[in-house]
Amino acid sequence: MEEAQFVESKDGTISVASAFAGHHEAVQDRDHKFLTKAVEEAYRGVDSGDGGPFGAVVVRNDEVVVSCHNMVLKHTDPTAHAEVTAIREACKKLGKIELSDCEIYASCEPCPMCFGAVHLSRIKRLVYGAKAEAAIAIGFDDFIADALRGTGFYQKANMEIKKADGNGALIAEQVFEKTKEKFQMY
């Protein structure tokens with residue numbers, strides 16, 4: 001068996017190269033195959049008038065579970081992004097709320113809502129194609145990624161965010177304590 005190779009980058013991070021010859025290329029080919037399906041789905045969504053140019057594919061054991069696109073316009077639902085739609089459909093199809101044995105391929109860098117959905121579904125791997133700036137460049141402003149990166153340059157929404165206080169906060173917090181024994185997710 002070959003020895004693993006350690007590569008140090010300029011920023012000091014260390015990567016371990018696979019001990020198996022051709023492993024990286026095989027993963028790259030597999031990723032390209034499923035990412036291409038996500039991009040095809042993005043075109044399908046635009047062509048059908050369902051929503052913006054975003055596609056996502058959920059994969060389990062090298063098989064496509066679902067292939068979805070943005071459905072914001074079709075469903076008049078601002079949360080019907082491709083990744084959220086794919087996660088919803090995959091959960092229904094597989095009959096479970098966690099997808100820890102799945103991967104998701106997205107045509108574009110997920111917005112924070114979609115990334116949150118990926119995280120909450122316990123998907124084990126996310127591969128995306130275009131950076132968020134590609135979508136921002138053609139007018140999509142629902143990306144909060146720039147705010148998370150500290151720029152906030154592209155944000156257009158002005159919204160007040162306030163945590164409730166007094167009785168409102170107390171009764172909202174009590175729901176967790178009062179239901180913890182009845183609601184076990186995992």
Side-chain angles (χ1 to χ4, degrees), residues 24-161 185-186:
H24 179 72
E25 289 81 11
V27 169
Q28 209 169 21
D29 289 347
R30 183 179 171 282
D31 287 351
H32 179 75
K33 173 180 141 183
F34 292 122
L35 189 56
T36 298
K37 288 188 179 298
V39 170
E40 289 168 356
E41 193 65 47
Y43 281 115
R44 191 173 297 117
V46 171
D47 291 344
S48 66
D50 291 341
F54 305 97
V57 176
V58 174
V59 174
R60 183 172 75 165
N61 300 326
D62 288 336
E63 297 289 327
V64 173
V65 176
V66 294
S67 182
C68 298
H69 54 263
N70 182 291
M71 302 287 279
V72 168
L73 298 176
K74 181 175 184 171
H75 295 309
T76 319
D77 177 358
T79 69
H81 291 196
E83 299 90 336
V84 172
T85 301
I87 290 167
R88 288 173 181 162
E89 294 301 316
C91 287
K92 281 182 203 170
K93 185 171 184 178
L94 298 173
K96 56 186 187 171
I97 62 168
E98 62 88 24
L99 303 171
S100 60
D101 56 349
C102 296
E103 302 166 278
I104 191 165
Y105 291 82
S107 63
C108 187
E109 180 180 8
C111 72
M113 176 187 70
C114 292
F115 182 79
V118 169
H119 173 74
L120 290 172
S121 68
R122 309 290 196 261
I123 286 177
K124 67 180 176 180
R125 187 164 182 259
L126 160 68
V127 177
Y128 68 89
K131 300 253 326 144
E133 285 77 8
I136 291 166
I138 65 164
F140 285 90
D141 66 350
D142 58 345
F143 286 89
I144 308 166
D146 57 310
L148 298 175
R149 294 173 185 154
T151 63
F153 180 78
Y154 297 106
Q155 279 187 304
K156 293 181 182 173
N158 290 319
M159 176 191 328
E160 178 184 354
I161 301 173
M185 287 187 56
Y186 304 102

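- In this structure, C108 and A132 approach most closely via the heavy-atom pair SG-CA, 4.2 Å.
- Side-chain contact between R30 and V59 is present, with at least one heavy-atom pair separated by less than 4.5 Å.
- The side chain to side chain contact (heavy atoms under 4.5 Å, CB included) test applied to L94 returns R60, V65, K96, L99, C102, not counting sequence neighbours.
- To the nearest 0.5 Å, the span separating CD on Q28 from CG on L35 amounts to 11.5 Å.
- V127 meets the side chain to side chain contact (heavy atoms under 4.5 Å, CB included) test with D31, Y105, R125; sequence neighbours excluded.
- The two residues S67 and V57 come nearest to each other via the heavy atoms OG-CG2, 3.7 Å.
- In this structure, A90 and V58 approach most closely via the heavy-atom pair CB-CG1, 3.9 Å.
- For the atom pair R44 CZ and N70 CG, the distance stands at 14.0 Å (nearest 0.5 Å).
- We find the CZ-CD1 distance between R122 and I87 to be 12.0 Å, quoted to the nearest 0.5 Å.
- The salt bridge (charged side-chain N to carboxylate O under 4.0 Å, His left out) analysis of residues 69-90, with sequence neighbours excluded, yields the pairs D77-R88, E89-K92.
- Taking every heavy atom of both residues into account, A86 and A56 meet most closely at CB-CB, 4.0 Å.
- T85 is not listed as a side-chain neighbour of V66, based on a closest heavy-atom distance of 4.5 Å or more.
- Interatomic distance, CZ of F34 versus CD1 of I104, reported as 13.0 Å (0.5 Å rounding).
- The minimum heavy-atom distance between V84 and C114, with the atom names listed, is CG2-SG, 3.9 Å.
- Taking the charged nitrogens against the carboxylate oxygens, E40 and K37 have no contact shorter than 4.0 Å, which rules out a salt bridge.
- When the shell of 6.0 Å around NE2 of H119 is examined, it contains 12 or fewer heavy atoms from other residues, nucleotides or ligands.
- Rounding to the nearest 0.5 Å places CD of E98 at 12.0 Å from CG of L120.
- Heavy atoms only, all atoms of each residue included: S107 and F54 are closest at OG-CA, 3.4 Å.
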